[in-house]
Amino acid sequence: MIDRAGLAEFLLGRRQALQPEDVGLPRGKRRRTRGLRREEVAALCHMSPDYFARLERASGPQPSEQMIASIAQGLHLSRDERDHLFRLAGHQPPSRDGDSEFISPGMMRIFDRLTDDTPAEIVTELGETLRQTPLGVALVGDLTRYTGPSRSIGYRWFTDPAARALHPAEDHEFLSRLYVSGLRGVLALRGPTSKAAHLAELLTTESEQFRTLWKDHEVGIKPRAVKRYLHPTVGPLELNCQILLDPDQSNLLLVYTAVPGSESYEKLQLLSVIGTTTPLEAR
């Protein structure tokens, strides 16, 4: 059962404890509010300010598990704080195994400090995008919009032709092997009842290419340091990908950069200005 008063008190306390610098926001010279403003927290949590205000006033409907998870990320809660928030809202906390999509506060602090001209994303071990910077969205599209198995880039790669549209054709074979190898490694780590096992079963049924590569039993294939894109607006790009692993959560922070002065660097600068309204897909 939801504890409305406890939930309201907890949300208010966490909001007032956070400073703009903690979440990558400018403080401004005239700020007098203790902690963050409601509208700032609402934006971080991907909800309306009115909805968050009602939660703080102990009114409104019971928030869903998805909404509580979004609030936990927006408020940069620790795992124990996240679990407490779920219980206050009348839900069981998510599991703490490798399938967890929890982002640690430390990882979020690093992500929040990335500049507007840096494409980056936080992904799970199955390639499910949890967060993107604005330039990350401009580069590959909003990858957080997917649901179900399609949240995994490996699943989309073998089932949705649009997933390959931003990569040169000569890179497709390597990327196919990379995604199969990665899924096999996660399945071996998490076991036959894991989400990885479910994805492997689905892909075995739905993709002939996946079935063929799965039989090869390749493991340990590493991503290439330079990733090539065919962006529909700015054209070909070559980007280095730096990877930061959160060992406690199995999440990855991927940061894409171009060599200063290169053609790809100039194109990234252009993309940061014009953005994109075209639905894109790839990584």
Side-chain angles (χ1 to χ4, degrees), residues 24 73 76 79 97-144 146 151-158 163-164 166-168 171-190 194-196 199 218-231 236-260 262 264-265 267-268 271-272 280-283:
Q73 283 191 12
H76 290 33
R79 180 172 279 196
D97 58 19
D99 287 343
S100 173
E101 297 181 8
F102 173 73
I103 303 175
S104 69
M107 181 74 85
M108 283 301 303
R109 283 192 293 270
I110 296 173
F111 181 81
D112 288 336
R113 282 161 174 74
L114 294 173
T115 60
D116 291 339
D117 60 355
T118 302
E121 59 184 329
I122 297 176
V123 303
T124 70
E125 61 187 7
L126 290 174
E128 300 160 317
T129 300
L130 304 178
R131 291 274 174 150
Q132 288 175 283
T133 60
L135 190 52
V137 175
L139 176 65
V140 298
D142 181 5
L143 304 185
T144 66
Y146 292 99
R151 294 185 61 213
S152 169
I153 176 60
Y155 179 85
R156 297 194 304 273
W157 182 259
F158 290 101
R164 307 188 179 203
L166 281 183
H167 293 283
D171 292 349
H172 288 186
E173 180 181 356
F174 171 78
L175 290 172
S176 297
R177 293 171 53 224
L178 174 70
Y179 291 134
V180 171
S181 169
L183 181 59
R184 185 174 287 281
V186 176
L187 192 158
L189 179 65
R190 304 303 176 192
S194 64
K195 187 187 295 185
L199 286 176
E218 282 191 295
V219 295
I221 298 178
K222 303 299 182 184
R224 290 170 176 165
V226 176
K227 296 193 175 186
R228 301 195 299 170
Y229 296 91
L230 296 175
H231 195 278
L237 298 100
E238 292 188 354
L239 303 178
N240 291 86
C241 180
Q242 279 70 44
I243 302 176
L244 175 64
L245 169 67
D246 186 336
D248 293 328
Q249 308 304 142
S250 300
N251 291 335
L252 303 169
L253 171 61
L254 309 181
V255 181
Y256 302 91
T257 60
V259 176
S262 67
S264 293
Y265 182 86
K267 290 179 178 179
L268 267 189
L271 193 56
S272 69
L280 303 175
E281 161 71 63
R283 182 168 59 254

(request) Search all heavy atoms of Glu121 against all heavy atoms of Tyr256 and return the closest pair with its distance. (result) OE2-OH, 3.1 Å
(message) Would Arg224 pass as a cation-pi partner of Phe174, given that its NZ or CZ must be under 6.0 Å from the six-membered ring centre and within 45 degrees of the axis?
(response) yes
(message) Donor-acceptor check, side chain of Thr133 to backbone of Ala120, threshold 3.5 angstrom: yes or no?
(response)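 Yes.
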(request) Carefully, step by step, assess Leu126 and Val186 under the rule side chain to side chain contact (heavy atoms under 4.5 Å, CB included). (result) CA-CA 8 Å; Leu126 290 174; Val186 176; 3.8 Å; yes
I want to check something: taking the side chain as every heavy atom from C-beta on, are [X] and [Y] in contact at a cut-off of under 4.5 Å?
X	Y	value
Leu239	Leu268	yes
Asn251	Ile103	yes
Gln132	Leu143	yes
Leu230	Pro168	yes
Leu130	Arg151	yes
Leu253	Asp246	no

(request) Scan Lys267, His231, Arg228 and name whichever one has a side-chain contact (heavy atoms from CB on, under 4.5 Å) with Pro236. (result)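 Between Pro236 and the candidates, side-chain contact (heavy atoms from CB on, under 4.5 Å) is satisfied uniquely by Lys267.
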(message) Just by distance, no angles: are the side chains of Glu128 and Tyr146 close enough, under 3.5 Å, to form a donor-acceptor pair?
(response) no
(request) Determine, stepwise, if the pair Leu271 / Leu135 fulfils side chain to side chain contact (heavy atoms under 4.5 Å, CB included). (result) CA-CA 7 Å; Leu271 193 56; Leu135 190 52; 4.0 Å; yes
